[in-house]
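It should be emphasised that the depicted structure is a prediction, and the values quoted were computed from it without experimental measurement. Each chain gets a letter, A, B and so on, in the order its sequence line appears, and its residues count up from 1. Only heavy atoms go into these numbers, but all of them, side chains included; no hydrogens, no water, no symmetry mates.
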Amino acid sequence: MPVHNADIATVLNRVADLLEIEGANVFRIRAYRNAARTIASLPWSVAEVLAEGEDLPKLPGIGEDLAGKIKEIATTGTLSQLEEIERRIPAALTQLMKIPSLGPKRVQAIYQKLNITTLDELEKAAREGKIRALFGFGQKTEEKIIEEIEQKKEKKERIKLPVAEEVAQSIVNYLRQVSGVSEVVVAGSYRRRKEVVADLDILAVASQDSPIMQRFINYEDVDRVVARGETKSTVLLRSGLQVDLRVVPKESYGAALHYFTGSSTHNIAIRKLGLKAGLKINEYGIFRAEERIGGREEEDVFRSVGLPFIEPELREGRGEIEAAARHMLPRLISLADIRGDLHLHTTATDGRFSLEEMVEAAIRKNYQYVAITDHSRHVSVAHGLDARQILQQIEAIDRLNKRLEGKIRVLKGVELDILEDGSLDLPDEVLKLLDLTVCSVHYNFNLPLEKQTERIIRAMDNPYFNILAHPTGRLINERKPYEVDMERLIEAARQRGCFMELNAHPDRLDLNDIHCKMAKEMGVKIAVSTDAHNLTDLDFMRYGVDQARRGWLEPEDVLNTRDWPKLQQLLKRR
DNA sequence: GCCGTTTTCGGCCCGACTGTTTTCAGTCG
């Protein structure tokens with residue numbers, strides 16, 4: 001059973017939780033959490049690197065001690081230190097820490113005074129009124145615990161961007177109409193364009209006498225007010241989504257926007273730089289001693305620590321500050337750079353609109369080209385096309401191209417199934433008639449990592465293989481990615497002149513941001529494609545571009561920013 | 001536990017809100 005980076009991070013976080021309950025040094029605990037986050041966001045597998053006999057490279061915040069522990073987890077799956085801690089203190093207590101409003105101090109008190117270690121015991125004790133009797137607890141805390149346990153049973157997950165956008169836009173519109181309000185923006189992970197968000201952080205500029213806070217908690221979708229203050233309030237919507245509102249004066253807008261956009265890793269790094277420069281940076285501004293020297297514009301924050309502006313999508317603590325300091329920030333791709341869409345379906349298979357209708361929609365996007373890539377025969381649930389049907393579609397596209405001469409170029413393609421043995425689903429005699437292929441896995445997701453990786457690489461050996469579509473098969477919140485060695489796949493693509501897809505569908509966003517950056521660094525270009533099954537799906541391109549930006553991609557790194565002659569050249573394999 | 005053109009020791013981002021107690025600890029982001 002391979003140890004994933006996420007497994008290592010889980011163990012490190014568990015150690016941090018238990019040490020925290022024991023009252024260990026807070027900075028020691030932070031070191032474990034930082035290490036967990038670093039490992040979780042690595043683009044390569046620690047266990048694999050170690051298995052190949054290589055040493056763990058030096059990573060920020062991971063010294064000799066933690067490196068040793070990480071190696072132990074990667075090779076054995078466990079950590080003797082954790083087992084040792086668990087002999088002193090019950091492992092189940094980490095579950096209690098997950099209840100909002102319960103931190104290490106309260107969990108420790110509950111455990112020591114009442115010998116409670118599980119959620120069930122906690123709920124029972126709370127209902128019997130035993131929690132309120134503890135020193136430092138009271139009736140309200142007890143009620144809150146019961147409520148949180150009930151909520152937890154319903155289990156809410158992070159929501160995808162399109163849903164977040166819908167919710168956010170209506171709250172923003174609502175708040176903008178409140179008197180005295182001059183600015184309302186959504187910050188947080190939403191502004192960093194993360195594929196899923198756990199909450200919405202809304203920032204507003206308002207006059208002292210504005211009733212914005214009252215109006216916020218009166219918003220029609222509010223189920224529960226979690227906190228309500230002068231400058232900050234938190235509500236839960238009926239959907240379970242948490243929304244925070246922060247209100248600042250105009251002169252603090254930039255500093256507050258930077259602060260509430262995060263990420264926290266990025267913020268901590270920026271503030272450290274500020275300290276070095278003798279500055280204090282907080283959400284109200286940039287201060288030298290007591291004097292405010294900036295904070296109205298977001299740029300002020302970066303300028304004060306000697307950095308150029310860093311785009312929100314890059315602010316994840318993945319080297320953006322170092323890159324900014326060396327003036328090596330990427331010039332991120334934008335939607336306007338996209339020249340065409342390379343992955344579309346029609347009614348010939350499981351699309352909802354005809355070839356003509358899909359192409360018309362692409363023309364309305366001002367694309368120079370669009371590729372029709374219906375499924376191949378093996379994907380029977382989508383009525384995949386056999387060789388004869390593909391030939392018919394090729395003829396139809398030829399006729400359409402003649403008719404649309406000058407308006408758009410329709411590329412002849414196919415979404416070609418990669419069979420279990422790594423062969424492709426249609427004969428080469430047919431494939432050679434196409435402009436491009438996007439190839440993908442639709443069956444046998446459960447192969448072991450080694451086999452799945454080799455299956456795909458074998459498919460790339462076919463000279464008609466162009467783009468590996470949705471390379472991990474994941475469906476956000478629904479289906480885990482299948483096991484592949486992404487570094488090997490990208491390297492194999494590089495050697496063979498193949499490309500990787502960033503599938504822009506907000507349910508997929510596959511490749512993810514980290515793998516996009518890895519492909520860029522390894523010199524493999526990426527096709528940002530919508531996988532559209534109907535007309536409005538073409539609009540998903542912007543989510544793909546968002547994710548591409550999070551992956552540090554520049555126009556140069558993306559296949560479909562090129563005009564057709566250049567794209568045609570790139571698709572030719574030697 | 002990590003880290004260093006201020007330091008190998010002594011720091012480690014910073015502030016808001018709540019509930020409880022009576023001036024502040026705990027939690028959160």
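Taking only side-chain nitrogens and oxygens, A:T234 never comes nearer than 4.0 Å to OP1 or OP2 of B:dC17. Regarding contacts with the backbone of B:dG15, every side-chain N or O of A:R271 stays at 4.0 angstrom or more from both OP1 and OP2. Using a 4.0 Å cut-off, no side-chain N or O of A:N267 falls inside it from OP1 or OP2 of B:dC13. Applying the 4.0 Å criterion to OP1 and OP2 of B:dA16, one finds that A:Y259 has every side-chain N and O outside that range. For the pair A:Q139 and B:dT20, the criterion of a side-chain N or O lying under 4.0 Å from OP1 or OP2 is not met. Residue A:K272 places no side-chain N or O under 4.0 Å from the OP1 or OP2 atom of B:dC14. Listed pair A:K280 / B:dG15 meets the phosphate criterion, a side-chain N or O lying under 4.0 Å from OP1 or OP2.
As judged by a 4.0 angstrom heavy-atom cut-off over every strand, A:K276 is placed among residues making no nucleic acid contact.
Residues A:K232 and A:D244 are not paired through a salt bridge, judged by the lack of any N-O separation under 4.0 Å between the basic side chain and the carboxylate.
Map A:L279 and A:M97 each onto its nearest nucleotide of DNA chain B; the residue landing nearer the 5' end is A:L279.
A:L134 places its CG atom 16 Å from the C1' atom of B:dT21, with the value rounded to the nearest Å. Rounded to whole angstrom, the span from the CD atom of A:E148 across to the P atom of B:dG19 amounts to 12 Å. As rounded to whole Å, 11 Å separates atom P of B:dC28 from atom CZ of A:R33.
No side-chain donor-acceptor contact under 3.5 Å links A:T94 and A:R14.
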